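Have a look at the structure below before the remarks.
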Protein chains: 2
Amino acid sequence: MSMSSHIQVNKSDLLNDASVEALAETFKALGDSTRVRILDAVFRAELCVGDIADLLGLTESAVSHQLRVLRGMRLVRPRRAGQQIFYSLDDQHIVKLFAQGLEHVEERARAGRG
Amino acid sequence: MSMSSHIQVNKSDLLNDASVEALAETFKALGDSTRVRILDAVFRAELCVGDIADLLGLTESAVSHQLRVLRGMRLVRPRRAGQQIFYSLDDQHIVKLFAQGLEHVEERARAGRG
DNA sequence: TGAATATGTGAGCTCATGCTCATATGTTCA
DNA sequence: TGAACATATGAGCATGAGCTCACATATTCA
């Protein structure tokens, strides 16, 4: 048990619980390599479930399950066209999130070498 | 099994495996409410383990375990000062990631109501 | 309408993850 | 050095998450 206490931050300064949860949920949705691949794919072009599955070498069921997660977090948006449903990124924030994430990854790689 | 194939994206266009994994790992580290809270706290001020635990109402062990994850992803940086170890955000990308994440969350909340 | 196609979903299995508890490591100071 | 304090770590447990498989739903078109 620590007895230190240099507390210069008050609990009321912190993010509220709802924002913390929402933020964590969003990042959690992005925190899986299959979902990252799907998002990367639909960023390049609007794609239907079967095409995503083919492109990434996954079953359509697996893709559908993951798209459900991504839809739930409004990271992708579906558009029905006949029997098929085409998916695209829901908004541009995701692109920026990805870009920021990649910047961190590259920064990390540099620091790792340096 | 889908027979569609409107494939307008080639596998070689996609992010390479290493980047996908690194990106997913980074987001995964951000995808937990405890770690979000810790990052939010050390963003406000450089804090030692005991203070983080007090501030967030967690055991020091739990905090230490999570800091290990965050250190591993270079999201926080330790600085020893006597018996204590103070943590701060490792770089500014994390701040931007958080900001982008919050923007998405707010966008999502708006869309949810609208 | 009914067969064919495309996607969605639930159950169940396996593996990952976050916590607690006990203990180890590291640092200060008498 | 050794006691006290601060942090780290490993084992073990309970829960969560992603996949497969079977099946349900939805759309087209002959």
Side-chain angles (χ1 to χ4, degrees), chain A residues 1-7 20-21 23-39 41-42 46-73 75-88, chain B residues 1-7 20-21 23-39 41-42 46-73 75-88:
Chain A
M1 178 67 95
S2 168
M3 283 287 110
S4 4
S5 172
H6 318 72
I7 304 248
V20 167
E21 294 302 329
L23 205 48
E25 289 301 305
T26 297
F27 286 128
K28 187 175 296 184
L30 297 170
D32 172 79
S33 57
T34 298
R35 287 193 293 270
V36 166
R37 269 181 254 268
I38 292 175
L39 289 168
V42 303
E46 194 187 37
L47 294 171
C48 68
V49 178
D51 286 349
I52 297 171
D54 285 352
L55 195 59
L56 304 183
L58 299 167
T59 68
E60 298 180 348
S61 179
V63 172
S64 195
H65 274 294
Q66 299 297 14
L67 284 170
R68 181 177 157 86
V69 174
L70 296 173
R71 256 186 288 127
M73 300 309 293
L75 292 170
V76 298
R77 174 174 35 200
R79 177 181 67 84
R80 185 174 270 281
Q83 316 184 29
Q84 301 174 16
I85 299 180
F86 287 86
Y87 283 90
S88 52
Chain B
M1 177 68 94
S2 167
M3 284 285 108
S4 5
S5 171
H6 319 72
I7 303 249
V20 167
E21 293 303 327
L23 205 47
E25 288 302 304
T26 297
F27 286 128
K28 187 175 297 184
L30 297 170
D32 172 80
S33 57
T34 299
R35 287 192 293 270
V36 166
R37 269 181 254 267
I38 292 174
L39 289 169
V42 302
E46 193 188 38
L47 295 170
C48 68
V49 179
D51 287 349
I52 297 171
D54 285 352
L55 195 59
L56 304 183
L58 300 167
T59 68
E60 299 179 348
S61 178
V63 171
S64 195
H65 275 293
Q66 299 297 15
L67 283 170
R68 182 179 157 85
V69 174
L70 296 172
R71 258 185 286 126
M73 301 307 295
L75 292 169
V76 297
R77 177 175 31 204
R79 177 181 66 85
R80 185 174 271 281
Q83 319 184 29
Q84 301 174 15
I85 299 181
F86 287 86
Y87 283 90
S88 54

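Here is how names work: the chains are called A, B, and so on, in the same order as the sequence lines, proteins then strands, and each is numbered from 1. In this text the structure is predicted, and so the values were computed from the model without any measurement.
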Q. Closest nucleotide of DNA chain D for B:Ile85 versus for A:Ala81: which of these residues is on the 5' side?
A. B:Ile85
Q: To the nearest 0.5 angstrom, please state how far the CZ atom of A:Arg37 sits from the CD atom of B:Glu21.
A: 5.5 Å
**Q.** Nearest-angstrom distance from the residue atom CD of B:Glu60 to P of C:dC19
**A.** 14 Å
Q) Could you give the CD1-to-P distance, from A:Ile38 to C:dG8, as a whole number of Å? A) 11 Å
Q: Scan A:Ile38, A:Asp54, A:Leu67 and name whichever one has a side-chain contact (heavy atoms from CB on, under 4.5 Å) with A:Val49.
A: A:Leu67
Q | Nucleotide C:dT28, atom P - distance to CD of B:Gln84 in whole Å | A | 11 Å
Q: Starting from C1' on C:dT7, measure out to CG on A:Leu47 and report it in whole angstrom.
A: 15 Å
Q. Where do B:Tyr87 and B:Val76 come nearest, in terms of heavy atoms and distance?
A. CD2-CG2, 3.7 Å
Q) Of the nucleotides D:dT9, C:dT27, C:dT7, which one has an atom closest to the side chain of B:Gln83? A) C:dT27
Q. Between the two ends of the helix from C:dT1-D:dA30 to C:dA30-D:dT1, what is the bend in degrees, rounded to 10 degrees, where each end axis spans five pairs?
A. 20°
Q | Beyond-backbone contact of B:Arg79 with B:Ser88, side-chain heavy atoms, under 4.5 angstrom | A | no
Q: Please state how far atom CZ in A:Phe86 lies from atom P in C:dT5, giving the value in whole angstrom units.
A: 17 Å
Q) Once you round it to whole Å, what is the distance between P of C:dA16 and CZ of B:Phe27? A) 22 Å
(Q) Check whether A:Arg80 reaches the backbone of A:Gly82 with its side chain - one donor and one acceptor, N or O, closer than 3.5 Å. (A) yes
Q: Return the value, rounded to whole Å, for the distance between atom CZ of B:Arg68 and atom P of D:dT9.
A: 5 Å
Q | Inter-residue atom distance B:Leu70.CG - B:Leu39.CG, 0.5 Å rounding | A | 5.0 Å
Q: Classify the nucleic acid contact of B:Tyr87 as base, sugar-phosphate or nothing, counting any heavy atom under 4.0 Å across all strands shown.
A: sugar-phosphate
Q: Going 5' to 3' through nucleotides 16-21 of chain D, assign each nucleotide B (protein heavy atom under 4.0 Å from a base atom), S (under 4.0 Å only from sugar-phosphate atoms) or - (no protein heavy atom that close).
A: -SSSBB
**Q.** Gap between atom CD1 of A:Ile52 and atom CZ of A:Phe86 - 0.5 Å precision
**A.** 10.0 Å
Q: Measure from CG on A:Asp54 to P on C:dT5 and round the result to the nearest Å.
A: 15 Å
Q: Compare all side-chain heavy atoms of B:Glu60 with those of B:Val63 and state whether any distance is below 4.5 angstrom.
A: no
Q: Respond yes when some side-chain nitrogen or oxygen of A:Arg71 is under 4.0 Å from OP1 or OP2 of C:dG8, and no when none is.
A: yes
Q | Inter- and intrachain pairs under side-chain hydrogen bond (donor to acceptor under 3.5 Å, both in side chains), touching residues 23-34 of chain B, at least two apart | A | none
Q: Establish, with yes or no, whether the OP1 or OP2 oxygen of D:dA26 is under 4.0 angstrom from a side-chain nitrogen or oxygen of A:Arg80.
A: no
